[in-house]
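Just so you know, these numbers come straight off a predicted model, no measurement behind them.
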Amino acid sequence: MCGIVGYIGPKAVVPVIIEGLRRLEYRGYDSAGIAVAGGPDGMQLRRAPGKLRNLEAVLADSPVHGSFGIGHTRWATHGRPTEENAHPHRDCTGTLVVVHNGIVENYLALKKELIAAGHTFVTETDTEIIAHLIEEEIKQSPGVLLEEAVRRAVKHLTGAFAIGVLSANEPNKLVAARMGPPAVIGIGDGEFFLASDVPGILHHTRDIHFLQDGEVAILTPTGVELTDFQAAPLKLKIQRITWDPIMAEKAGYKHFMLKEINEQPRAIRDTTLGRISLETGKVHLAEMQISDEDLRNASQITIAACGTSWHAGLAGKFMIERLARIPVEVDYASEYRYRDPIADPRAIGLLITQSGETADTIAAQRELISKGSKTLAICNVVGAAVTREAQGTITTNAGPEIGVASTKAFTAQLTALFVLALHLAQVRGTITEAQSLHLVEELSKLPGKLEDVLRSVDDQCFQLAKVFHTVNDFLFLGRGIHYPIALEGALKLKEISYIHAEGYPAGEMKHGPNALIDETLPVVCIATKDPEDPSSVLKYEKTLSNIQEVTARSGRVIAIAIEGDEEIKQLVEHTIQIPQAPELLLPVLEVVPLQLLAYHIAVRRGCDVDQPRNLAKSVTVE
């Protein structure tokens, strides 16, 4: 979950690294540090607790210079977020440093062995173990090259790691290794980069090699050498990243989250681009290695995801079951492999992840594969770990998402799920050509409708934030496919405003939550309907009954409703209206007011919207 940037090249090292860390600070902001070597003073370290600006202040007071270096922003797992626990970490000699993203699960046993061998530890972290392991390998084999010492050291590690290593004794060399968390190598014009994510180096190069598990990269001023952990040479697989670097900037918005909320119409257009035909209604998924016959014969779809992606999966269950008439299970990826799932080779696994590097989701994917299932992925990052093990990927094309609280990635995932549901329905023959064409046409109208929502509800959510920003609790209600959106609305609010919020199926109110209702509790009810869909109308009528239960107990209701719905206005204190859409597409429109409401409440409460406490963007460890 941490941010890593390393650089070797003709530019001044420190500005390149600090600039890259600033673009990766969303991955970790408990502390930051930098190590630079190749200068007149040997290996130089600067570290600071807290955000990156604290490290910049340290560097302003005490500059460092050199020809190569590495930096790190930390999200604490082992050890408090203090200066001494900040990366980079040194060996006993002080000439070798390591930065690390991941968890060393056997660090206590290794630490005991290294102390017995004479090593002295100065931090509470698991990462310091790696520096001493490499030092020990060098001590045992004098003259061994740094990369070979790294290869030998990592074989002792149990857990997950992406590491960068420097030694003042081997000038102009940066060694990286990966087993689990992401790492990328950037190939520039006479300069080379290491980073934990593409945005950290995208301003310098778009030519990227995604380091894979079991790979070691050796960066020098003349190029990049790649091997496996046994020192066998490997060939670089360079991919051209098409993101415009400006996509990773705020573009005039106060926060990345607000920018990304407003990018959702574009993200949805890009996710459907080239995949749907407005002439025939057909869906075309090019990166699909699972045959149509396998899709027709599938016994079920098993969705595994975490957090916001899990909410998307819950909504996807309604889309796939209704259109393709195939059973769908939705699991928390973090729980899937621990419940001893029943093997079913005819089941198809579907992994949903923004980063494609979420450790729990990768573990669930591997469990599915071990049970004989083929897997598909919905992911926002080309070449990510989940996509490499899947038999097909729908890339969401949302572009870099910097805000920790996911917004545009979520609606892009909903869009991708709808496209997949349509594809499954067409392959399985559970939908007519006319129905397909109608739904594709409605999908194509969604970005324009989203633009209308963004224009019409932002100020309304701003005003609601004035009223409700001091409350202690929120309740979000929805029925059917709208229940996952209630969950997502509650998650957005608790993530960035730190207000306790719960999402609940509206039909469950009588089974407990009614006890919470009083004049202090705001209740957000998703009360939309598709008048052309009888089941949607029925759920709407039932939801109106739930609203009356709340108002009868003095609860304060904020309703998300369809434009022109006058009936609901008579029942509730506040109404936010969205355009009409088919039942299965309404969630994409419904969630935007909930995102904006959470955003404006968090801003009014003075919270750090883009970097909420205790959270990181990409959860690359269990």
Side-chain angles (χ1 to χ4, degrees), residues 1-4 6 28 30-37 41-50 54-55 58 64 69-142 144 146-170 174-181 196 620-622:
M1 285 176 271
C2 306
I4 294 172
D30 290 330
S31 60
I34 187 170
V36 173
D41 300 316
M43 182 72 72
Q44 295 288 298
L45 261 71
R46 301 291 184 268
R47 302 182 301 190
N54 297 343
L55 175 62
V58 170
V64 293
I70 196 160
H72 186 276
T73 61
R74 180 173 183 245
W75 189 80
T77 57
H78 292 69
R80 297 161 295 155
T82 60
E83 190 275 334
E84 62 268 22
N85 287 332
H87 298 220
H89 289 294
R90 288 169 280 199
D91 68 347
C92 293
T93 70
T95 62
L96 183 148
V97 299
V98 172
V99 296
H100 169 221
N101 179 14
I103 289 178
V104 180
E105 294 175 351
N106 61 335
Y107 85 103
L108 289 174
L110 291 172
K111 187 173 185 177
K112 185 176 179 180
E113 293 175 12
L114 288 163
I115 290 172
H119 291 263
T120 301
F121 289 83
V122 296
T123 78
E124 301 168 319
T125 71
D126 57 336
T127 300
E128 191 184 1
I129 298 291
I130 303 172
H132 290 281
L133 276 174
I134 298 168
E135 178 193 5
E136 184 67 17
E137 293 294 341
I138 294 171
K139 186 192 302 183
Q140 295 298 324
S141 303
V144 68
L146 179 63
E147 56 267 31
E148 179 58 25
V150 170
R151 283 190 286 256
R152 294 178 187 179
V154 297
K155 292 175 185 176
H156 296 284
L157 303 178
T158 300
F161 57 86
I163 61 172
V165 187
L166 303 180
S167 172
N169 298 325
E170 294 194 41
L174 171 58
V175 179
R178 172 188 173 165
M179 183 57 72
S196 52
T620 56
V621 295
E622 287 191 78

Would H132 and E128 count as having a side-chain donor-acceptor pair, cut-off 3.5 Å?
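A donor-acceptor contact under 3.5 Å links the two side chains.
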Between E84 and T123, does any side-chain donor sit less than 3.5 Å from a side-chain acceptor?
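Result is no, nothing qualifies.
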Would you say [X]'s side chain and [Y]'s backbone share a donor-acceptor pair under 3.5 angstrom?
| X | Y | result |
| --- | --- | --- |
| E135 | C92 | yes |
| R151 | A153 | no |
| N106 | H156 | yes |
| N85 | E124 | yes |
| R47 | P88 | yes |
| S141 | V144 | no |
| R74 | A86 | no |
| Q44 | V64 | no |

What's the spacing between [X] [atom1] and [Y] [atom2] if we round to 0.5 Å?
| X | Y | atom1 | atom2 | result |
| --- | --- | --- | --- | --- |
| H119 | L133 | NE2 | CG | 8.0 Å |
| I134 | L146 | CD1 | CG | 6.5 Å |
| D91 | I130 | CG | CD1 | 13.0 Å |
| I129 | F121 | CD1 | CZ | 4.0 Å |
| L157 | D126 | CG | CG | 9.5 Å |
| I163 | I4 | CD1 | CD1 | 9.0 Å |

With side chain to side chain donor-acceptor pair (under 3.5 Å) as the test, would you mind laying out the steps for T93 and T95 before giving the verdict?
CA-CA 5 Å; T93 70; T95 62; 2.7 Å; yes
Walk me through it: do N54 and V58 pass the test side-chain contact (heavy atoms from CB on, under 4.5 Å)?
CA-CA 6 Å; N54 297 343; V58 170; 5.8 Å; no
How far apart are the closest heavy atoms of [X] and [Y], and which atoms are they?
| X | Y | result |
| --- | --- | --- |
| N101 | P181 | O-CG, 3.3 Å |
| E83 | P49 | CB-CD, 3.8 Å |
| A177 | V154 | CB-CG1, 4.4 Å |
| V97 | A35 | CG2-CB, 3.7 Å |
| H100 | A160 | NE2-O, 3.4 Å |

Take K111 and I115 through the test side-chain contact (heavy atoms from CB on, under 4.5 Å) and record every step on the way to the result.
CA-CA 6 Å; K111 187 173 185 177; I115 290 172; 3.9 Å; yes
side-chain contact (heavy atoms from CB on, under 4.5 Å) between S31 and H72, intermediate numbers included
CA-CA 8 Å; S31 60; H72 186 276; 6.0 Å; no
Show the numbers, then the answer: is there a side-chain contact (heavy atoms from CB on, under 4.5 Å) between I138 and L96?
CA-CA 11 Å; I138 294 171; L96 183 148; 3.9 Å; yes
Close side-chain approach of V104 to T158, heavy-atom, < 4.5 Å
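Heavy-atom side-chain distance check fails, nothing below 4.5 Å.
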Decide if atom CZ of R90 counts as having more than 12 heavy atoms of other residues, nucleotides or ligands within a radius under 6.0 Å.
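No, the 6.0 Å shell around CZ holds no more than 12 heavy atoms from other groups.
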Among E148, K155, R152, which residue meets the side chain to side chain contact (heavy atoms under 4.5 Å, CB included) test with E137?
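It is R152, the one option of E148, K155, R152 that forms the side chain to side chain contact (heavy atoms under 4.5 Å, CB included) with E137.
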